[in-house]
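Only one structure is covered here, and it is reproduced in the block below.
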Amino acid sequence: MSEHISGGKNFIQQIIEQDLAQGRFQGVHTRFPPEPNGYLHIGHAKAIVLNFSLAQQYGGKCNLRMDDTNPLTESTEYVEAIKEDVRWLGYDWEDRFYYASDYFEQLYQWAVELIKKGKAYVCDLSPEEIRQYRGTLTTPGRESPWRNRSVEENLELFERMRRGEFPEGSRTLRAKIDMAHPNLNMRDPVMYRILHAPHHRTGTKWCIYPTYDWAHGQCDSIEGITHSICTLEFENHRPLYDWFLDQLGVHHPRQIEFARLNLTYTVMSKRKLLQLVQEGHVRGWDDPRMPTLRGLRRRGYTPEAIRNFCHTIGVAKFNSTVDLALLEHCVREHLNKVAPRVMAVLRPLKLVIVNYPEDKVEYLEAINNPEDPQAGTRPVPFCRELYIEQDDFRLEPPPKYYRLAPGREVRLRYAYFVKCVEVVRDPATDQVVEVRCTYDPNTRGGAAPDGRKVKATLHWVSARHAIRAQVRLYNHLFTKPDPENVEEGKTFLDYLNPNSLEVLPECFIEPSVQGAQPGTRYQFERLGYFCVDPDSTPEKLVFNRTVSLKDTWAKVQKRLQQQSAG
RNA sequence: UGGGGCAUGGUGUAACGGUAGCACAACUGACUCUGGAUCAGUUAGUCCAGGUUCGAAUCCUGGUGCCCCAGCCA
């Protein structure tokens with residue numbers, strides 16, 4: 001696929017072009033290296049799109065690699081989910097799907113090499129002692145008493161570590177660098193730890209596992225990666241990334257760091273997302289309120305929209321927070337072009353056309369997508385009793401409200417002009433339960449031969465033909481644009497929006513959507529974009545609202561309310 | 001009180017010593033059988049203080065603010 005990246009070059013493209021021009025690298029080879037310990041979210045999408053499109057843009061390749069160096073938290077369940085999500089997003093790693101664990105043996109051999117060079121040693125300090133010896137941000141650390149073991153002893157001990165002769169946590173292999181280094185990552189970092197835990201791929205073959213620092217750069221090197229793009233928190237690790245590669249004298253990719261994505265009204269950290277799922281604040285990883293790719297997919301987002309969003313937000317090193325409205329804009333933009341239009345009434349109000357014959361049914365022609373003439377038309381049944389939206393009728397219309405009201409005439413989309421002549425109210429509650437209208441037979445199709453205009457066009461559904469559906473409306477998951485910015489004594493959970501999910505159990509939809517499969521997207525005219533949920537049954541469809549349509553009336557209304565309140 | 005980064009309208013991002021641009025948001029207006037879409041327009045920005053220069057968002061100096069680092073997580 002090819003996408004246009006408009007505007008100037010971002011700083012990564014500039015670095016790449018410089019590297020190419022100076023001959024530092026012959027081509028571009030990137031990789032997306034998730035750890036299979038959680039589901040991918042929109043922040044990962046930024047990294048995926050970045051890596052794959054950079055490769056595409058410079059005629060290179062992009063690998064998919066599972067960074068599976070910690071058997072305690074990782075599983076094949078996540079591996080499969082990640083592959084599925086990357087594929088869904090629209091990317092193809094062809095035959096270049098790798099695991100860090102593919103390289104465990106090579107990593108081990110390289111570690112032996114460093115030991116032989118006197119650049120690594122087996123350390124018997126406990127985790128607690130290592131921490132104490134490390135020093136602090138402002139004071140240097142102390143050298144481990146095991147730092148100067150002989151190469152022979154180190155070699156023997158390291159091999160015995162591998163054979164499983166020592167208990168978990170009792171020893172580590174450490175790089176011998178500089179305990180006084182101002183960058184704590186350089187104070188003899190751990191390369192291997194003993195973990196008597198089975199790995200989802202290597203089983204019980206290994207009981208020593210490489211740390212991120214020891215594994216990552218070397219994996220990049222093995223795969224011939226040229227530009228190893230990661231997030232800002234790894235900037236402090238770059239000296240170590242470079243150090244290992246330099247000691248080994250192998251192919252040396254360039255690590256480049258960029259700022260991870262933050263979005264308003266949501267949280268992005270794996271830990272917090274996991275908490276939302278585990279504590280039942282959402283229904284699962286694929287809850288349509290989650291910023292996970294599965295959640296967005298279920299919600300009705302398209303890969304195209306997400307990719308376009310990722311391009312639009314750009315890349316930089318500044319820690320920023322993107323307005324959720326931009327993501328919403330991107331889905332609307334795409335769905336506007338591709339989603340078939342359909343009429344659906346979410347909060348039904350009965351409308352009876354008093355001068356329309358009881359038994360008559362007409363089929364009116366409706367346009368499937370005004371943005372796409374190829375999409376054609378469909379017949380929509382019309383009869384005496386219809387449903388319209390409760391919002392589309394007011395007993396006492398406020399200023400600027402130009403929908404239906406007593407005595408007013410409006411157009412029923414693709415059908416007729418109707419005029420409200422009577423209102424039926426529930427004697428007990430005084431609520432309007434039915435609106436009675438007359439129709440003008442000369443306006444069939446929606447145009448008046450005498451040229452008279454109406455201010456409003458309403459969507460409607462034939463009561464006799466409508467199919468019923470449940471519709472789930474979603475709002476911001478949090479009440480605050482920055483839920484991670486918590487007040488004293490609170491957590492992000494205190495800002496959960498109690499109204500983030502609103503279920504409308506009895507909605508009416510035009511019959512053409514009958515049998516729609518999960519994942520099918522529509523525009524419900526005048527309301528928004530909706531997507532068939534997998535919870536649907538043959539008896540009852542369930543829809544998720546992806547995003548509402550832009551609603552100028554809602555804005556006007558809000559302003560009017562604020563004016564009257566203030 | 002160590003080290004590493006980053007500061008451009010409300011938000012996100014360009015401009016690489018030469019007219020501060022684009023997108024979203026907000027606000028006008030036009031058009032409209034979706035109060036949708038589309039089109040036109042408006043508001044609004046270089047963290048601060050010095051310096052170099054004919055000319056500084058850009059270079060220099062000094063501040064200020066924010067982010068990251070003391071896992072055998074990644």
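Just so it is clear: chains get the letters A, B, ... in the order the sequence lines come, proteins before strands, and each one is counted from 1. Fair warning: this is a prediction, and the values are worked out from it, not measured in the lab.
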Syn or anti for B:G36 (syn when the glycosidic angle lies within 90° of 0): anti
Show each protein N/O and nucleotides 44-46 of chain B N/O combination with a separation under 3.5 Å, one pair to a line.
none

A:Tyr301/A:Glu328 under side-chain hydrogen bond (donor to acceptor under 3.5 Å, both in side chains): CA gap, chis, key distance, verdict: CA-CA 9 Å; A:Tyr301 273 74; A:Glu328 297 183 335; 5.0 Å; no
Nearest-nucleotide comparison on RNA chain B, the residue closer to the 5′ end among A:Arg413 and A:Ala259: A:Ala259
Residue closer to the 5' end of RNA chain B, A:Thr443 versus A:Thr138 (nearest nucleotide): A:Thr138
Taking the side chain of [X] as heavy atoms from C-beta outward, which of [options] is closest to it?
X: A:Thr552; options: B:G10, B:U13, B:G36; value: B:G36
X: A:Glu235; options: B:G36, B:G5, B:C24; value: B:G5
X: A:Lys550; options: B:G36, B:G10, B:A23; value: B:G36

Non-neighbouring partners of [X] that pass salt bridge (Lys or Arg N to Asp or Glu O under 4.0 Å), sequence neighbours left out:
X: A:Lys176; result: none
X: A:Glu223; result: A:Arg65
X: A:Arg394; result: none

Output all residues satisfying side-chain contact (heavy atoms from CB on, under 4.5 Å) with [X], sequence neighbours left out; order by chain, then residue number.
X: A:Pro140; result: A:Ala180
X: A:Pro127; result: none
X: A:Asn368; result: A:Ala375, A:Arg378
X: A:Gln22; result: A:Gln18

For RNA chain B, stems built from three or more consecutive Watson-Crick or G-U wobble pairs below 3.5 Å: B:2-7 with B:64-69, B:10-13 with B:21-24, B:26-30 with B:38-42, B:47-51 with B:59-63
NA contact type, [X], heavy-atom cut-off 4.0 Å: base, sugar-phosphate, or nothing?
X: A:Tyr401; value: base
X: A:Arg238; value: nothing
X: A:Arg332; value: nothing

Gap in Å between the two C1' atoms, one belonging to B:A57 and one to B:C6, rounded: 15 Å
Check: A:His216 ring centre within less than 6.0 Å of A:Phe234 ring centre: no
Aromatic ring proximity A:Tyr402/A:Trp553, centre distance under 6.0 Å: no
Distance below 4.0 Å between [X] side-chain N/O and [N] OP1 or OP2:
X: A:Arg411; N: B:U34; result: no
X: A:His459; N: B:U34; result: no
X: A:Lys455; N: B:U32; result: no
X: A:Ser320; N: B:U13; result: yes

Could you go over nucleotides 15-19 of chain B and give all protein N or O partners under 3.5 Å, atom names and distances?
from  : atom 1 : to      : atom 2 : distance (Å)
B:A15 : OP1    : A:Gln14 : NE2    : 3.2
B:C16 : N3     : A:Gln14 : OE1    : 3.3
B:C16 : N4     : A:Gln14 : OE1    : 3.1
B:C16 : N4     : A:Gln14 : NE2    : 2.5

Atom pairs under 3.5 Å: protein N/O with N/O of nucleotides 65-74 of chain B:
from  : atom 1 : to       : atom 2 : distance (Å)
B:C67 : O2'    : A:Asn319 : ND2    : 3.0
B:C68 : O2     : A:Asn236 : ND2    : 3.1
B:C69 : O4'    : A:Asn236 : ND2    : 3.2
B:A70 : O3'    : A:Arg134 : NH2    : 3.3
B:A70 : O2'    : A:Arg134 : NE     : 3.2
B:G71 : OP2    : A:Arg134 : NH2    : 3.1
B:C72 : OP1    : A:Arg134 : NH2    : 3.3
B:C72 : OP2    : A:Arg134 : NH1    : 3.1
B:C72 : N3     : A:Gly169 : O      : 3.4
B:C72 : N4     : A:Leu125 : O      : 2.9
B:C72 : N4     : A:Pro127 : N      : 3.2
B:C72 : N4     : A:Gly169 : O      : 2.9
B:C73 : OP2    : A:Arg193 : NE     : 2.9
B:C73 : OP2    : A:Arg193 : NH2    : 2.7
B:C73 : O3'    : A:Arg193 : NH2    : 3.3
B:C73 : O2'    : A:Asn70  : ND2    : 3.1
B:A74 : OP1    : A:Thr69  : OG1    : 2.6
B:A74 : OP1    : A:Arg193 : NH1    : 3.2
B:A74 : OP1    : A:Arg193 : NH2    : 3.0
B:A74 : OP2    : A:Tyr212 : N      : 2.9
B:A74 : O3'    : A:Asp67  : OD2    : 2.8
B:A74 : N6     : A:His237 : NE2    : 3.1

Going by atom type alone, with no hydrogens or angles, which donor-acceptor pairs under 3.5 Å involve a side-chain atom of residues 410-417 of chain A and a protein atom two or more places apart or on another chain?
from     : atom 1 : to       : atom 2 : distance (Å)
A:Arg411 : NE     : A:Thr457 : OG1    : 3.1
A:Arg411 : NH1    : A:Gly446 : O      : 2.6
A:Arg411 : NH2    : A:Thr457 : OG1    : 3.4
A:Arg413 : NH1    : A:Glu525 : OE1    : 2.1
A:Arg413 : NH1    : A:Glu525 : OE2    : 2.9
A:Tyr414 : OH     : A:Ile367 : N      : 3.4
A:Tyr416 : OH     : A:Glu362 : OE1    : 2.7
A:Tyr416 : OH     : A:Glu362 : OE2    : 2.6
A:Tyr416 : OH     : A:Arg444 : NE     : 3.4

